[in-house]
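What you are looking at is a predicted structure, and each value in this text was computed from that prediction instead of being measured. When reading the values below, keep in mind they use all heavy atoms of this one structure, side chains included, and skip hydrogens, waters and symmetry mates.
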Amino acid sequence: MAIWSTEKEKSSDADISDGFEPTNDIQEGVLTDNADQLQRHLANRQIQLIAIGGSIGTALFITIGSGLYAGGSGSLLIAYTLQSLALACVNNCIAEMSTAFPVSGGFIRLADKWVDGALGFMVGWNFFLYEALLIPFEITALMKVISFWDPSIANPGPTAGICIGVIICYAAINILAVKAYGEAEFWLSGGKVILIFSLFFFTFITMVGGNPEGDAYGFRHFRMGDAFKAADYGVGGSLGRFEGFLACLWNACFTVVGPEYISMVAAEAKRPRTYIKTAFKTVYFRFGLFFIGGALAVGIVCSSNDPALRASVEGGEGSGTAAASPYVIAMENLNVKIFPHIVNALMMTSIFSAGNTYTYAAVRSLYGLSLEGRAPAFLRHCTAKGVPIWCFCVVMVFPFLSFLQVSKSSADVLLWLVAVITAGGLINYIVMSITYIQFYNACKAQGLDRRTLPYRGWLQPFCGYFGLVWFSVVTIFYGYPSFRPEASVTTFFQNYALQILCPILYVFWKLFKRTKWLGKYEVDLVWERPTIDAYEATFFGPPVGFWREMVQLTGFWRIKGGNDQRRGSIAN
């Protein structure tokens with residue numbers, strides 16, 4: 001089966017220097033969606049909303065308040081802008097690789113195959129733990145939001161009951177076929193989009209005087225609310241304000257995410273080289289609108305010195321009620337009625353959706369590890385509908401960590417989970433940058449023209465090097481408050497648990513398997529591409545756009561025979 005449709009390739013299978021056009025040489029009855037058991041059922045509209053679902057969660061609506069409190073509105077806006085720009089560089093890298101090679105396990109298997117088996121082992125388990133720990137984080141945050149209506153819900157009995165209910169829902173959605181998961185996430189993520197635009201409208205209308213108090217407060221909190229506030233470390237002046245900015249930056253590192261989730265769904269996307277490419281390209285827009293816009297809006301509506309915000313962040317009186325979100329605090333301060341209840345309800349669906357996405361990503365990351373022999377082989381087994389059933393069973397153990405809040409306050413549990421999880425995300429971006437640099441050098445050495453790829457990143461390899469340096473520095477200094485005299489050993493391990501664990505994992509696998517860091521001529525730039533090329537070649541007709549699929553939900557603008565029609569007999 002041809003891989004690169006060029007005259008040069010026809011004369012020598014070893015030469016992969018030109019062309020990235022799939023062929024139509026398809027053997028009926030033997031073609032599969034992937035080189036493994038995952039099936040491609042996710043449509044364009046589902047992929048786009050899943051990408052949003054993974055990038056918008058509790059952090060943007062609730063946890064962002066801790067950054068505002070620590071550093072002020074000005075520092076928060078600058079930190080979120082810088083972090084968004086840095087992650088855009090990493091997105092630029094992973095988009096090029098995952099669009100050309102939309103394989104199971106996403107960026108984890110790319111690192112394993114193109115860099116070093118030990119690096120793939122390390123980042124695979126790191127990402128698995130990162131996603132798995134995010135599930136109880138979202139469940140804990142959900143309890144904090146629900147208690148807005150009745151603080152007694154935070155009591156042990158109701159808390160345990162709600163945790164059980166959420167876990168059952170996650171299990172039910174993720175045990176079904178991926179198409180069912182995609183449909184559920186499509187509607188849940190749609191609620192997130194409605195929520196964030198509602199909050200943006202609320203910000204604009206109230207700041208110009210459209211509120212019950214008639215208070216046109218404008219940018220008052222940027223001028224009077226300590227826009228560049230000294231962190232609460234007992235240090236004032238310029239140094240204190242710089243530490244406040246760093247606290248905002250660490251907060252942004254936890255909140256600003258996105259490209260990893262698109263990479264993980266690539267193996268279950270229809271027409272991945274079209275739909276996945278579109279999803280990656282829209283990430284830049286999402287960074288600017290959702291994250292930078294969200295940081296600006298939070299700084300406008302809520303003062304960093306607000307007593308309710310302080311109570312929420314420090315877990316004092318009022319924590320877990322209306323003070324769960326800076327937006328709800330602002331609504332309470334302005335005597336806005338009804339709308340806080342609507343926003344809180346939408347936040348519930350947003351948080352539930354994020355936890356659902358993390359469950360999916362954790363299952364697929366563990367499955368990717370098993371495919372490469374980095375996890376037990378029995379985990380590779382999938383149901384007839386393409387669900388890695390044993391991976392699912394392992395992942396569903398982690399949501400039970402949310403029961404920690406039965407004996408501890410939700411604020412304490414959130415603090416622990418945020419500290420541990422943030423470092424895991426940063427390490428993922430470091431590995432993505434390393435993998436891209438290796439991929440770029442291999443393409444250059446082996447004569448592969450990147451202009452022939454489905455997506456070519458801008459300003460490369462500079463984005464890869466910038467992402468590597470930025471996230472390495474942030475990961476090292478992320479937990480610097482742990483070294484203060486008043487800090488405890490517990491605080492140190494909160495901030496550096498994964499930074500310590502990951503090198504241990506890398507060295508362990510390096511010694512155990514004696515893996516090799518690949519040279520640029522040893523990188524396999526063929527790999528699973530023949531299977532993907534052949535799969536893509538089964539489609540005829542143009543791909544269906546996002547907005548057309550949205551209109552089709554109403555029954556109009558349908559295509560005779562259905563969307564994404566394929567030729568040949570496909571074995572799933």
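Among all heavy-atom pairs drawn from Gly467 and Val90, the shortest one is CA-CG2, 4.2 Å. Closest approach of Tyr367 to Cys382, counting heavy atoms only: CE1-SG, 3.6 Å. Between Met97 and Tyr436 the shortest heavy-atom distance is SD-CA, 3.6 Å. What you find for Phe287 and Ser84 is that their closest heavy atoms are CD1-O, 3.6 Å. When all heavy atoms of Ala100 and Arg273 are compared, the pair lying nearest together is O-NH2, 2.9 Å. Summarising the geometry of Ala375 relative to Leu379, their closest heavy-atom pair is CB-CD1, 3.8 Å, with the distance given to 0.1 Å.
Side chains of Trp250 and Asn495 form no contact here, defined as non-hydrogen atoms less than 4.5 Å apart. When side chains are defined from C-beta on, Val103 counts as touching Trp527, because their heavy atoms get closer than 4.5 Å. Contact check for Pro388 versus Leu366: no side-chain heavy atoms found under the 4.5 Å cut-off. A heavy-atom distance below 4.5 Å is found between the side chains of Lys270 and Tyr275. Here the side chains of Tyr429 and Val474 are not in contact, with every heavy-atom distance at 4.5 Å or above. The side-chain heavy atoms of Leu401 and Leu133, taken from C-beta on, include a pair separated by under 4.5 Å. Annotation: side chain of Leu87 is not in contact with side chain of Asn91 (no heavy-atom distance under 4.5 Å). Using a 4.5 Å cut-off on side-chain heavy atoms (C-beta onward), Gln438 and Thr435 make no contact.
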Full working for salt bridge (charged side-chain N to carboxylate O under 4.0 Å, His left out) between Asp449 and Arg456 = CA-CA 10 Å; Asp449 187 353; Arg456 182 166 68 107; over 6 Å; no
key: Audit row: Lys113, Glu528, salt bridge (charged side-chain N to carboxylate O under 4.0 Å, His left out) steps and yes/no   = CA-CA 11 Å; Lys113 193 72 175 179; Glu528 294 184 7; over 6 Å; no
query = Do Phe101 and Trp114 pass the ring pair (Phe, Tyr, Trp, His ring centres under 6.0 Å) test, and can you show the C-alpha distance, the side-chain angles, and the key distance before you say yes or no?
reply = CA-CA 12 Å; Phe101 292 84; Trp114 290 344; 5.0 Å; yes
Trace of the side-chain contact (heavy atoms from CB on, under 4.5 Å) decision for Tyr440 with Ile437 = CA-CA 5 Å; Tyr440 178 90; Ile437 293 169; 5.7 Å; no
inquiry  = Using side-chain contact (heavy atoms from CB on, under 4.5 Å), reason through Leu498 and Asn126 one step at a time and then give a plain yes or no.
reply    = CA-CA 8 Å; Leu498 287 180; Asn126 174 74; 3.9 Å; yes
task = I would like to know whether Tyr506 and Asp116 meet side-chain hydrogen bond (donor to acceptor under 3.5 Å, both in side chains); could you show each step before the answer?
result = CA-CA 10 Å; Tyr506 179 82; Asp116 185 351; 2.9 Å; yes
task = Apply side-chain hydrogen bond (donor to acceptor under 3.5 Å, both in side chains) to Tyr80 and Asn251, showing your working.
result = CA-CA 8 Å; Tyr80 270 68; Asn251 183 268; 2.5 Å; yes
task = Start with the C-alpha distance between Val431 and Ile108, add both sets of side-chain angles, then the distance that settles side-chain contact (heavy atoms from CB on, under 4.5 Å), and finish with yes or no.
result = CA-CA 9 Å; Val431 173; Ile108 297 170; over 6 Å; no
message = Is there a side-chain contact (heavy atoms from CB on, under 4.5 Å) between Asn92 and Tyr455? Walk through the geometry before answering.
response = CA-CA 9 Å; Asn92 196 32; Tyr455 177 89; 3.4 Å; yes
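Considering CG of Leu129 and CG of Leu505, their distance stands at 8.0 Å, rounded to 0.5 Å. Taking CG of Leu119 as the start and CD1 of Ile434 as the end, the distance is 5.5 Å to the nearest 0.5 Å. Remark: Ile139 CD1 to Cys163 SG distance equals 6.0 Å, nearest 0.5 Å. Rounding to the nearest 0.5 Å places OH of Tyr496 at 15.5 Å from CG of Leu501. Rounding to the nearest 0.5 Å places OG of Ser370 at 13.5 Å from CH2 of Trp390. With values rounded to the nearest 0.5 angstrom, Gln499 atom CD is found 8.5 Å from Phe492 atom CZ.
No option in Arg450, Gln460, Lys277 other than Arg450 meets the side chain to side chain donor-acceptor pair (under 3.5 Å) test with Glu96. Among Phe128, Tyr130, Tyr261, the one residue that satisfies the ring-ring contact (aromatic ring centres under 6.0 Å, His included) test with Tyr358 is Tyr261. None of Val123, Ile427, Thr475 except one satisfies the side-chain contact (heavy atoms from CB on, under 4.5 Å) rule with Cys502; the exception is Ile427.
Side chain to side chain, Glu131 and Tyr360 fail the donor-acceptor criterion of an N or O pair below 3.5 Å.
The neighbour count for Phe285 CZ, taken as heavy atoms of other residues, nucleotides or ligands under 6.0 Å away, does not exceed 12. Around atom NZ of Lys510, more than 12 heavy atoms belonging to other residues, nucleotides or ligands sit under 6.0 Å away.
Taking the six-membered ring for Trp, Tyr170 and Phe398 have ring centres at least 6.0 Å apart. Aromatic rings from Tyr284 and Trp458 are positioned such that their centres are separated by under 6.0 Å. You'll find the ring centres of Tyr478 and Phe254 outside the 6.0 Å limit.
Of the possible polar contacts, none joining the Trp125 side chain to the Leu369 backbone as a donor-acceptor pair under 3.5 Å is found. No donor-acceptor pair closer than 3.5 Å links the side chain of Gln83 to the backbone N or O of Thr255.
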